[in-house]
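Heads up, the thing below is written out as structure tokens.
The structure displayed is predicted, hence computed values, not measured ones. Here is how names work: the chains are called A, B, and so on, in the same order as the sequence lines, proteins then strands, and each is numbered from 1.
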Amino acid sequence: MKLSVILQNAVSALYDGQVSADMVQVQKTRKEFDGDLTVVVFPLLKFSKKSPEETGKELGNYLQQNVSEVVVFNVVKGFLNLTISDEYWLNQFNEISQKESYGFAEKNLGITTMVEYSSPNTNKPLHLGHIRNCLLGWSVAEILKANGHNVIKTQIINDRGIHICKSMLAWQKWGNGEEPSDEKKGDKLVGEYYVEFDRKHKLEISQTASVSETDAVSKPRTQLLSEAQQLLRKWEAKDTEVYALWKKMNGWVYEGFDVTYKRMGIDFDQLYYESDTYLNGKEIVLKGLEKDIFFKKDDGSVWCDLTKEGLDEKLLLRADGTSVYITQDIGTAIKRFEGFPELAKQIYVVGSEQNYHFKVLFFILKKLGYEWADECLHLSYGMIDLPSGKMKSREGTVVDADDLMQEMHKTAKAITEELSKVEEIPENERDELYWMVGLGALKYFILKVDPKKKMLFDPKESVDFHGNTGPFIQYTYARIQSVLRKAEKNSEFRIQDLELKREEKEIIKLICEYPQIIKEAGENYSPALIANYAYELTKSFNHFYQSISILAAETDELIAFRVALSEMSGKVLKSALGLLGIEVPERM
RNA sequence: GCCCCCGUAGUUCAAGGGAUAGAAUGAGAGUUUCCUAAACUCUAGAUCCAGGUUCGAGUCCUGGCGGGGGUACCA
């Protein structure tokens with residue numbers, strides 16, 4: 001039943017008008033009115049040349065006579081509310097119940113999309129900002145898969161540069177050979193030496209008169225910084241000793257990161273390291289210079305003129321020939337499209353503070369003649385603010401990823417023990433449950449917010465477990481499983497005619513929407529749409545569960561139907577949460 | 001200075017130009033001999049200000065106020 005097409009026909013039949021598709025507005029009926037679907041008649045008045053009420057009635061009559069599924073209608077102001085037959089909804093439900101992975105695209109679109117997320121520096125542990133980045137990127141990748149894309153999950157690891165040299169220098173000077181241990185993961189250890197460098201560096205500045213705090217690479221003003229740069233130069237020359245140290249310390253960091261990623265439940269298909277790609281970018285820029293796409297200033301630095309595009313000039317290579325951040329990004333992008341010739345789209349999940357950077361990057365790639373630059377997208381997400389404002393490492397307000405997840409586990413444990421259904425759960429499964437619930441709370445908390453918007457995180461008020469939260473949905477899922485365990489399996493069941501209760505119909509309607517929600521989430525790159533949908537379904541199910549008995553229904557057929565409805569609700573919830581990287585427990 | 005984004009209940013989030021702006025939390029009142037009360041039901045509470053476009057504006061346009069981000073060889 002394509003209601004919008006039927007409506008177009010209706011208007012031409014009744015009023016002799018040609019209606020374009022966008023003038024036909026069909027939406028869900030708000031729950032305070034009777035009906036399932038609502039037609040907004042205002043745009044059609046120019047054809048009917050009658051009042052909204054009259055037009056609505058005429059259209060309603062037409063639909064009632066010509067569309068068997070439309071049972072009754074009512075008109076409120078300019079809104080035509082249609083009630084669709086129970087038979088229709090039951091048929092939909094029967095059909096859906098047969099499907100294997102309901103809601104997911106049935107065929108592969110043959111589009112390969114690369115999604116980049118996380119992309120950390122190797123001098124600091126992952127923090128709350130990375131968590132949002134990782135969860136978003138991972139979820140968007142899964143949502144695209146559900147929409148029939150081939151997806152390559154990736155990250156660029158910024159493993160090279162002055163930052164890691166600072167950590168290396170500090171470790172050489174004051175490390176006494178310290179190595180990662182059970183108490184201190186590798187990424188934490190390296191991060192501490194980075195901080196230590198900064199501390200000692202500041203100390204040196206304060207002790208030296210008339211030294212500015214400038215970090216300029218070309219003119220180091222402190223002994224420490226100049227030593228760090230010495231290391232960087234040695235690294236670029238592949239000095240054996242420096243290279244070995246660099247490998248060792250980065251190795252520690254990767255081991256630490258792996259633990260964090262694993263805990264978070266995210267993964268990658270393909271890794272890129274800046275140390276492998278940074279020379280690429282430089283080559284490309286020099287070639288662009290030869291072709292006069294870029295230009296050289298008197299001091300020898302290379303620039304791209306973007307004033308015609310309404311932007312400024314952008315530096316690509318410093319006067320000493322060293323590359324800047326964007327240089328390696330140019331190289332990496334090209335390497336990716338060369339490495340995967342089938343690649344159709346590239347999505348960068350990166351914070352909104354880099355909006356300008358990506359605008360420039362895509363312009364430059366286009367100038368270099370890469371048509372695929374149009375298929376590059378910066379999925380820009382808002383930053384996470386603390387009540388005190390931005391996270392600042394200097395002020396020690398950075399929320400560490402490992403600590404936060406550990407905290408969530410602890411809270412989940414405490415709440416689960418307090419609400420005391422733990423006895424029913426085997427002892428060896430409890431810890432897994434705590435992680436499931438704790439991370440469920442955290443992931444849902446972050447993903448339910450529109451990616452584009454910035455969000456607030458208050459570390460003092462721990463993430464909630466009641467209301468619109470991950471655990472609420474997990475709890476509902478567990479409840480459903482409990483019902484299913486108690487129900488006698490009746491696989492032969494097939495409902496024929498049944499008068500649906502309001503609560504039952506509500507659930508079926510929501511379940512019918514699921515494929516459309518996945519589609520929209522894919523088009524908008526928004527896990528939030530999935531999260532909000534899962535919440536709606538959960539609320540509706542709980543309302544149903546509370547007011548209608550499933551296992552004590554009047555007839556066997558009714559029991560079978562309600563069990564099937566519960567089972568399907570559970571399946572959709574599990575599927576939706578799965579797209580967010582949230583697992584569901586059988587009991588909690 | 002210039003550019004971009006954002007201002008919705010006390011608080012955190014929703015609302016593809018459409019009906020009486022939804023939730024959650026917090027506040028108040030109720031629900032457990034019944035499938036898991038991490039639940040359910042009810043009450044009070046919001047579109048920063050001023051114009052404009054539209055049959056219709058939280059949503060689009062202009063101006064103001066407030067907040068955030070970027071931009072001067074960091075990543």
Whole angstrom is fine here: how far is it from [atom1] in [X] over to [atom2] in [N]?
X      : N     : atom1 : atom2 : value
A:E353 : B:U71 : CD    : C1'   : 14 Å
A:I384 : B:G69 : CD1   : P     : 15 Å
A:E503 : B:C40 : CD    : C1'   : 12 Å

Sugar-phosphate, base or nothing in reach of [X], heavy atoms under 4.0 Å:
X      : result
A:Q354 : base
A:A478 : base
A:L80  : nothing
A:I550 : base
A:M588 : base
A:D450 : sugar-phosphate
A:H543 : sugar-phosphate
A:N123 : nothing
A:K390 : sugar-phosphate

[atom1] atom, [N] versus [M]: distance in rounded Å?
N     : M     : atom1 : result
B:A23 : B:A14 : C1'   : 7 Å
B:U41 : B:U32 : C1'   : 14 Å
B:G58 : B:G22 : C1'   : 12 Å
B:A9  : B:G45 : P     : 14 Å
B:U54 : B:U12 : P     : 37 Å
B:C3  : B:U62 : P     : 13 Å
B:A21 : B:C48 : P     : 15 Å
B:G51 : B:C65 : C1'   : 15 Å

Return the nucleotide paired to [N]: Watson-Crick means purine N1 to pyrimidine N3 with N6-O4 or O6-N4, wobble means G-U with N1-O2 and O6-N3, both under 3.5 Å.
N     : value
B:A29 : B:U41
B:U47 : none
B:U20 : none
B:U54 : none

Looking only at side-chain N and O atoms, does [X] come under 4.0 Å of OP1 or OP2 in [N]?
X      : N     : value
A:R587 : B:A38 : no
A:R479 : B:A37 : yes
A:K453 : B:A14 : yes
A:Y475 : B:A38 : yes
A:K486 : B:U36 : yes

Min side-chain heavy-atom separation A:V483-A:R562 under 4.5 Å | no
Test item: A:E586 and A:Y477 side chains (from C-beta on) under 4.5 Å apart, heavy atoms = yes
Closest to the [X] side chain: [options]?
X      : options             : value
A:T416 : B:A38, B:U36, B:U71 : B:A38
A:V437 : B:U71, B:A14, B:A38 : B:A38
A:S549 : B:A39, B:C13, B:C35 : B:C35
A:S482 : B:U36, B:A15, B:C40 : B:U36
A:R318 : B:U36, B:C74, B:U71 : B:C74

Can you sort out the partners of A:V324 under side chain to side chain contact (heavy atoms under 4.5 Å, CB included), two or more places apart, ordered by chain and number?
-> A:L315, A:R318, A:I326, A:T327
Examine A:R132 relative to A:Y381 and say whether NZ or CZ is less than 6.0 Å from the centre of the six-membered ring and inside a 45° cone about the ring axis.
-> no
Which class fits the ring pair A:F197 and A:H201: parallel under 30°, tilted 30 to 60°, perpendicular over 60°?
-> parallel
Please work out whether the ring planes of A:W435 and A:H409 are parallel, tilted or perpendicular, with thresholds of 30° and 60°.
-> tilted
Decide if atom CG of A:D431 counts as having more than 12 heavy atoms of other residues, nucleotides or ligands within a radius under 6.0 Å.
-> yes
For nucleotides 18-31 of chain B, read 5' to 3', which letter fits each nucleotide if B means a protein heavy atom sits under 4.0 Å from the base, S means only the sugar-phosphate is that close, and - means neither?
-> BBS--SSS------
Do A:Y272 and A:E116 meet the criterion of a side-chain donor-acceptor pair at a distance under 3.5 Å?
-> no
Are a donor atom and an acceptor atom from the side chains of A:Q354 and A:Y325 found within less than 3.5 Å of each other?
-> yes
Within the 6.0 Å centroid threshold, strictly below: A:Y475 and A:F472 | no
